[in-house]
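Source: prediction; values computed, not measured. Letters go in sequence order (proteins before strands), and every chain restarts at 1.
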Amino acid sequence: MAKNFSTREENYSQWYNELVVKADLAENSAVRGCMVIKPYGYAIWEKMQAALDKMFKDTGHENAYFPLFIPKSFFNKEASHVEGFAKECAVVTHYRLKISENGKDIVVDEDAKLEEELIIRPTSETIIWDTYRKWIQSYRDLPILINQWANVVRWEMRTRLFLRTAEFLWQEGHTAHETSQEAKEETLKILDIYANFAENWMAVPVLKGMKSQTEKFAGAIDTYCIEALMQDGKALQAGTSHFLGQNFAKAFDVKFLSKENKLEYVWATSWGVSTRLIGALIMSHSDDKGLVLPPKLAPIQVVIIPIYKTDEQLEQLNEKVRSIKQLLESRGISVKYDNRDTYKPGWKFSEYEFKGVPVRLAIGPRDLENNSIEIARRDTLHKEIVPIEGIDNVILKLLDDIQGNLYHRALNLRENNTFSVDTWDEFKEQIEKGGFVMAHWDGTPETELKIKEETKATIRTILMNNPQEEGKCIFSGNPSKERVVFAKAY
RNA sequence: CGGGGUGUAGCGCAGCCCGGUUAGCGCGCGUCGUUCGGGACGACGAGGCCGGAGGUUCGAAUCCUCUCACCCCGACCA
């Protein structure tokens, strides 16, 4: 299955596509641009959901669910928001099918045309703010801290599994606050959660910062983001948190009576991460032998493979492994014992390597005699024989090591691929090679656009607490007070 | 929406130019046997409306027309 697998060197994007499909994470569906997330891929998503969901709840958020369909008129209410999404909305116009005249085909029943078309949500700000209006009267109703786990649809021209699909799964948080200050704090609090999750669960180092006005979410005052660097030197936006100001409150007329008995518009935030994170995970750690998963998100942390010739040996191994598996599970480790007789050990080794299982244990008759077991780690492919006694502690430590090693490896990659340049020629040259390029920019959208046109590079982020320094814009030569992060992006 | 390409077994492909017995190959799949510490091997076997519709012809996977679908490269984007 994983033979004849492309290498990153040969063709990075083919490597990625094959990896996703051959590692059983997802596949293309009958509907163009949409994917089927297979059990192994979905298990990763579930682990991500569990960790994030807990973080949201620990910071006072609650889950709720808003509808998939949004009345078209809602989109008229916030002008920049419409501009941002109108081009990629799926629209429901009818609500019934019928058998055609010839009795063979199913056709749309033209009599069942909707009075007002429904838009399949590309994001839920509009329907949520229309709802919040009814929930909010006084400052006592604030804040509202809600998250929803949902699917959204954006009719993309070109799609890639996990990185950009027409339908994707995500969480979207939508909060309402009394003051601008409080909303800004919420925006940054979530940004920290995202960065923390990326670094500590996904083992993916991220830059935290603000989007330029061109790159921000349509409808936001400011968009903050976490930005990661993939192995091919391209940037990937991994999460966004928006300070929406009073834009949606004004568009949907959401006001509250303050303590001073004054009627004021509510302040808002929204924030989200999506199944794209799985793409980031894959591209950050995996190698030419397949997927590499960080232990904290791996559906299977340890796989145990028996090596035997006879049925008796297998039975003895089954017996031994049962106790090892129980021990590991009692320590909170997820373990799979693969004693299928239909595949050989070597085949299984390759299989689990390809699927990125962090730790593999192999045990055979020789080990039974010596009370030992072979332990192999996926990140470095290193293996050794260790005593079974105390294996639980060895593995707990190893999982921890792997998690840390993956993070540091990715961090090294980023550091080795982050450059400061001061001239336009250097800039063009470095952008072509890839990586994050820190350069001075005059702050205007015009310059930003021209740089994009000429190099395909965009401003990925303006770092938080960005050091201030005098400089000249690499493109226009105009004065600049700080460097911003440029890169070619996914 | 532009530019390029591909549709033949579950998957990957050959055959098509130059029409002609029963449409092949590799992987995978099934049964049996031997194997099993890094992707085993043998024997037998199952599996096809050659993307779809029209046409040319005694005869079409192959030639012609039309259609549909998908992939890659651009414009759009989390």
Side-chain angles (χ1 to χ4, degrees), chain A residues 1-5 11 13-14 17-18 21-22 27-34 83-89 122-123 151-172 194 211 214-218 220 223-228 235-242 270-280 289-290 305-311 313-314 317 338-354 360-370 372-376 381 383-385 452-453 456 458 460 489-490:
Chain A
M1 59 156 299
K3 281 178 181 170
N4 308 319
F5 173 52
N11 187 339
S13 107
Q14 195 178 334
N17 291 339
E18 288 179 11
V21 172
K22 291 182 175 175
E27 62 190 37
N28 281 306
S29 72
V31 182
R32 180 191 151 75
C34 293
E83 247 176 77
F85 287 109
K87 293 185 295 279
E88 48 191 44
C89 285
T123 179
N151 58 340
V152 287
V153 169
R154 297 180 189 174
W155 213 263
E156 300 290 350
M157 297 289 180
R158 293 196 54 193
T159 59
R160 293 188 71 192
L161 293 171
F162 291 118
L163 295 174
R164 174 167 295 108
T165 47
E167 178 192 18
F168 57 90
L169 305 184
W170 76 345
Q171 57 69 215
E172 48 180 326
Y194 286 163
K211 284 294 186 192
T214 315
E215 294 280 325
K216 74 173 185 188
F217 169 67
T223 289
Y224 294 85
C225 63
I226 53 170
E227 203 76 25
L236 184 77
Q237 180 174 306
T240 51
S241 184
H242 314 290
S270 70
W271 28 276
V273 293
S274 70
T275 36
R276 172 180 252 202
L277 288 179
I278 297 175
K289 286 183 173 297
I305 295 167
I307 292 153
Y308 58 93
K309 286 190 167 76
T310 66
D311 286 351
Q313 286 174 338
L314 178 59
L317 289 166
D338 186 352
N339 64 350
R340 286 178 296 175
D341 195 30
T342 41
Y343 295 98
K344 292 183 63 188
W347 190 93
K348 292 177 189 172
F349 290 176
S350 305
E351 167 84 357
Y352 291 104
E353 239 160 50
F354 197 84
R360 180 188 73 228
L361 296 175
I363 183 164
R366 220 146 62 211
D367 294 307
L368 287 182
E369 270 175 42
N370 304 332
S372 65
I373 195 160
E374 184 191 83
I375 183 165
L381 298 169
K383 59 183 177 183
E384 62 182 321
I385 310 266
K452 184 179 178 182
E453 278 170 3
K456 305 243 168 83
T458 49
R460 299 320 302 158
Y490 274 95

When we call it a touch if two heavy atoms are under 4.0 Å apart, what does [X] touch: a base, just sugar-phosphate, or nothing?
{"X": "A/L163", "answer": "base"}
{"X": "A/E156", "answer": "base"}
{"X": "A/R160", "answer": "nothing"}
{"X": "A/T458", "answer": "nothing"}
{"X": "A/S274", "answer": "base"}

Among [options], which nucleotide sits nearest the side chain of [X]?
{"X": "A/R360", "options": "B/A75, B/G38, B/G37", "answer": "B/G38"}
{"X": "A/Y343", "options": "B/C76, B/C29, B/C36", "answer": "B/C29"}
{"X": "A/E351", "options": "B/G39, B/G38, B/G37", "answer": "B/G39"}
{"X": "A/F349", "options": "B/G37, B/G38, B/A75", "answer": "B/G38"}
{"X": "A/D367", "options": "B/G38, B/G37, B/A75", "answer": "B/G37"}

Mapping A/I385 and A/W170 onto RNA chain B by nearest heavy atom, which one lands closer to the 5' end?
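Closer to the 5' end of RNA chain B: A/I385.
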
Whichever of A/L236 and A/A376 has the more 5' nearest nucleotide on RNA chain B, that residue is A/A376

With rounding to the nearest 0.5 Å, note down the distance linking [atom1] in [X] to [atom2] in [Y].
{"X": "A/F217", "Y": "A/T240", "atom1": "CZ", "atom2": "OG1", "result": "8.0 Å"}
{"X": "A/E18", "Y": "A/F354", "atom1": "CD", "atom2": "CZ", "result": "7.5 Å"}
{"X": "A/I363", "Y": "A/L368", "atom1": "CD1", "atom2": "CG", "result": "5.0 Å"}

Could you tell me whether the side chain of A/R360 and the main chain of A/A376 form a donor-acceptor pair under 3.5 Å?
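Not a single qualifying donor-acceptor pair exists.
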
Can you measure [X] atom [atom1] to [N] atom [atom2] for me and round it to whole angstrom units?
{"X": "A/E374", "N": "B/G38", "atom1": "CD", "atom2": "P", "value": "8 Å"}
{"X": "A/M157", "N": "B/G2", "atom1": "CE", "atom2": "C1'", "value": "12 Å"}
{"X": "A/W347", "N": "B/G28", "atom1": "CH2", "atom2": "C1'", "value": "11 Å"}
{"X": "A/K348", "N": "B/C36", "atom1": "NZ", "atom2": "C1'", "value": "9 Å"}
{"X": "A/E27", "N": "B/G12", "atom1": "CD", "atom2": "C1'", "value": "16 Å"}
{"X": "A/D338", "N": "B/G39", "atom1": "CG", "atom2": "P", "value": "16 Å"}
{"X": "A/N17", "N": "B/G12", "atom1": "CG", "atom2": "C1'", "value": "16 Å"}
{"X": "A/Y490", "N": "B/C76", "atom1": "OH", "atom2": "C1'", "value": "18 Å"}

Taking atom [atom1] in both [N] and [M], compute the distance separating them and give it to the nearest angstrom.
{"N": "B/G5", "M": "B/C27", "atom1": "C1'", "value": "25 Å"}
{"N": "B/G74", "M": "B/G12", "atom1": "P", "value": "23 Å"}
{"N": "B/A23", "M": "B/G15", "atom1": "C1'", "value": "8 Å"}
{"N": "B/C50", "M": "B/G4", "atom1": "C1'", "value": "24 Å"}
{"N": "B/G3", "M": "B/G28", "atom1": "C1'", "value": "36 Å"}
{"N": "B/C18", "M": "B/A61", "atom1": "C1'", "value": "15 Å"}
{"N": "B/C16", "M": "B/G24", "atom1": "P", "value": "15 Å"}
{"N": "B/U65", "M": "B/U22", "atom1": "P", "value": "29 Å"}

Atom pairs, protein N/O to nucleotides 69-71 of chain B N/O, distance under 3.5 Å:
unit_1 : atom_1 : unit_2 : atom_2 : d
B/C71  : OP2    : A/R32  : NH1    : 3.3

Is the phosphate of B/A40, meaning OP1 or OP2, less than 4.0 Å from a side-chain N or O of A/K344?
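Indeed, a polar side-chain atom of A/K344 lies that close.
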
Test for a donor-acceptor pair under 3.5 Å between the base of B/G37 and the side chain of A/K383, counting only N and O atoms.
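Result: no qualifying N/O pair found.
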
Which label fits A/Y343 and A/W347: parallel for a plane angle under 30°, tilted from 30 to 60°, or perpendicular past 60°?
parallel

Is the A/W271 ring parallel, tilted or perpendicular to the A/Y194 ring (thresholds 30°, 60°)?
perpendicular

So what's the dot-bracket for RNA chain B: Watson-Crick or G-U pairs under 3.5 Å, [ ] if a pair crosses, | if it pairs off-strand?
(((((((..((((......[...)))).((((((.....)))))).....(((((..]....))))))))))))....

